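Okay, so here's the structure we're looking at.
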Amino acid sequence: MTYLGKQLRKHKSPKRALDLYRKMLRLRPPGLASLYYNMAVAHASEDNRLEATALLVQALVLDPSLPEDELFYKSPQLFEPLSTIHRLFRDMAGGAVRFKIPRAMEKATFIQETIERLARDGEDKALLHLLRNISLKSPAFFERKHVLASRPLIDFITRILPRLNASRNPELREFGNRLRHVVELRERQKKLKPLEEYNNHRIQALLSLELGKGKPAAAYHFAKAVLSCPPLLENIFFYSNRNLVELGLEIATKIENVDLHLLDEFHKRMS
């Protein structure tokens, strides 16, 4: 780890630093955690807090010993991101204990994630079959805000609606009417943007786990999900996927290695 914060303030070249780090990243060098840390400093210097914070989480999951080095605390750009992730994942750990997830909610979350996976993989036939069954047996599923904020679902419905509307089969046209109602519900919803961003990052975190890209990569995306919609930490839905809860608890454990008192001391000294 280098004391990059001081160098960036001196040379005012975070963009050049990021270009260099991206080239280094392609080589997969040893000390990746320190590289992610330095990239976080550069992004924070550019006021890109979401990227900076996610990279910090990735670095800490990859190497929880980073906070043992005093240099870890000497980049003032990271005071706010470090404080934020420490607070949010502490709250998340508390929520994981506090909330008891009903079986029906776990099932609904599983169905939503299946819909998103089928849409991602281009399994149109299987997805149409699933959506038709849901529209007939559990139409209230589509009224959930988390479902309406699912961009893969809405994009698929928008793409498939013209085919259903043009069908000679009256049952398919009626199915199309039910799906059009979902799109109309979505259009009437306000303030879905943070929830949609959460969903997008959540999907990427799950994909990283599914493809075996490793916990640090999944943690990067999950951190972005949490940061995109912090109020969700007080919503039981957030805790309805056990794999993501386990990932979040692991992140919380790694972040506990950050010495907040030392962080605050250096921040006051360098302010």
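None of the values given here were measured: they were computed from a predicted structure. Just so you know, these numbers use all the heavy atoms, side chains as well, and skip hydrogens, waters and symmetry mates.
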K107 vs I111, side-chain contact (heavy atoms from CB on, under 4.5 Å): CA-CA, chis, key distance, verdict: CA-CA 6 Å; K107 183 178 180 181; I111 291 172; 4.2 Å; yes

Identify the heavy atoms of N199 and S150 that sit nearest to each other, and give their distance. ND2-N, 3.7 Å

Would you name the heavy atoms of L161 and G176 that are closest together and state the gap between them? CD2-O, 3.2 Å

Say whether, by atom type as modelled, one donor and one acceptor occur between the side chain of R173 and the main chain of R168 under 3.5 angstrom. yes

pair S135-V182: side-chain heavy atoms closer than 4.5 Å: no

side-chain contact (heavy atoms from CB on, under 4.5 Å), that's the test. Do M92 and V226 meet it? Break it down for me. CA-CA 9 Å; M92 183 256 154; V226 172; 5.7 Å; no

What residues form a salt bridge (Lys or Arg N to Asp or Glu O under 4.0 Å) with E171, not counting sequence neighbours? R132

Stepwise, does the side-chain contact (heavy atoms from CB on, under 4.5 Å) test hold for E196 with R186? CA-CA 11 Å; E196 182 179 317; R186 155 77 189 209; 2.5 Å; yes

From D91 CG over to H86 NE2, what is the distance, rounded to the nearest 0.5 angstrom? 10.5 Å

Quick one: which of E113, Q112, R202 gives a side chain to side chain donor-acceptor pair (under 3.5 Å) with N241? E113

So, do S75 and Y37 sit near enough that their side-chain heavy atoms are less than 4.5 Å apart? yes

Atom CZ of R98: over 12 foreign heavy atoms under 6.0 Å: yes

Does one hydrophobic cluster hold both L244 and I251, with members joined at side-chain heavy-atom distances below 4.5 Å? yes

Which residue pairs pass the ring-ring contact (aromatic ring centres under 6.0 Å, His included) test with at least one member in residues 149-196, sequence neighbours excluded? none

Heavy-atom side-chain proximity of L66 to S34 below 4.5 angstrom: yes

Looking only at non-hydrogen atoms, find the nearest pair between P67 and N257 and report the distance. CB-O, 3.4 Å

Do NZ/NE/NH1/NH2 and the carboxylate oxygens of K268 and D264 come within less than 4.0 Å? yes

Answer yes or no: is there a side-chain heavy-atom contact under 4.5 Å between F89 and F222? yes

Between E116 and R151, is the closest basic N to carboxylate O distance under 4.0 Å? no

Could you check whether K215 pairs with E246 (Lys NZ or Arg NE/NH1/NH2 to Asp/Glu carboxylate O, under 4.0 Å)? no

Under 4.5 Å side-chain heavy-atom separation, chaining through any Ile, Leu, Val, Met, Phe, Trp or Tyr, what else clusters with L207? Say none if it is isolated. L211

Given 3.5 Å as the limit, does a donor-acceptor pair link the side chain of Y73 with the main chain of E265, or not? no

Does L136 reach the side chain of R178, with side-chain heavy atoms less than 4.5 Å apart? yes

Evaluate the side-chain proximity of N133 to H129: yes if any heavy-atom separation is below 4.5 Å, no if none is. yes

Residues at least two apart in sequence or cross-chain that pass side chain to side chain contact (heavy atoms under 4.5 Å, CB included) with E80, listed by chain then number, are R49, T84

Is there a path of hydrophobic side-chain contacts, each under 4.5 Å between heavy atoms of I/L/V/M/F/W/Y residues, joining L227 to L82? yes

Are any non-hydrogen side-chain atoms of Y220 and V57 less than 4.5 angstrom apart? no

From CA spacing to verdict: side-chain contact (heavy atoms from CB on, under 4.5 Å), L153, L131: CA-CA 10 Å; L153 169 64; L131 293 179; 3.9 Å; yes

Between S45 and V41, is there a donor-acceptor pair closer than 3.5 Å when you use the side chain of the first and the backbone of the second? yes

Check: I85 and L60 side chains under 4.5 Å, non-hydrogen atoms: yes

Suppose we screen for ring-ring contact (aromatic ring centres under 6.0 Å, His included). Which residues come up paired with F142, at least two apart in sequence or across chains? none

Nearest heavy-atom neighbours spanning Y36 and L62: CE1-CD2, 3.9 Å

Is it the case that more than 12 heavy atoms not belonging to R163 sit under 6.0 Å from its CZ atom? no

With a 3.5 Å distance limit and no angle check, can you tell me whether D63 reaches the backbone of A33 through a side-chain donor-acceptor pair? no

Nearest heavy-atom approach of P102 to I236 is CD-CD1, 3.7 Å

Side chains of E106 and Y239: do they bring a donor and an acceptor to under 3.5 Å? no

Note: P194 and S228 closest approach over all heavy atoms is CB-O, 3.6 Å

Centroid-to-centroid, F110 to F141, below 6.0 Å? no

Atom CZ of R242: over 12 foreign heavy atoms under 6.0 Å: no

Applying ring-ring contact (aromatic ring centres under 6.0 Å, His included) to H146 and not counting sequence neighbours gives F237

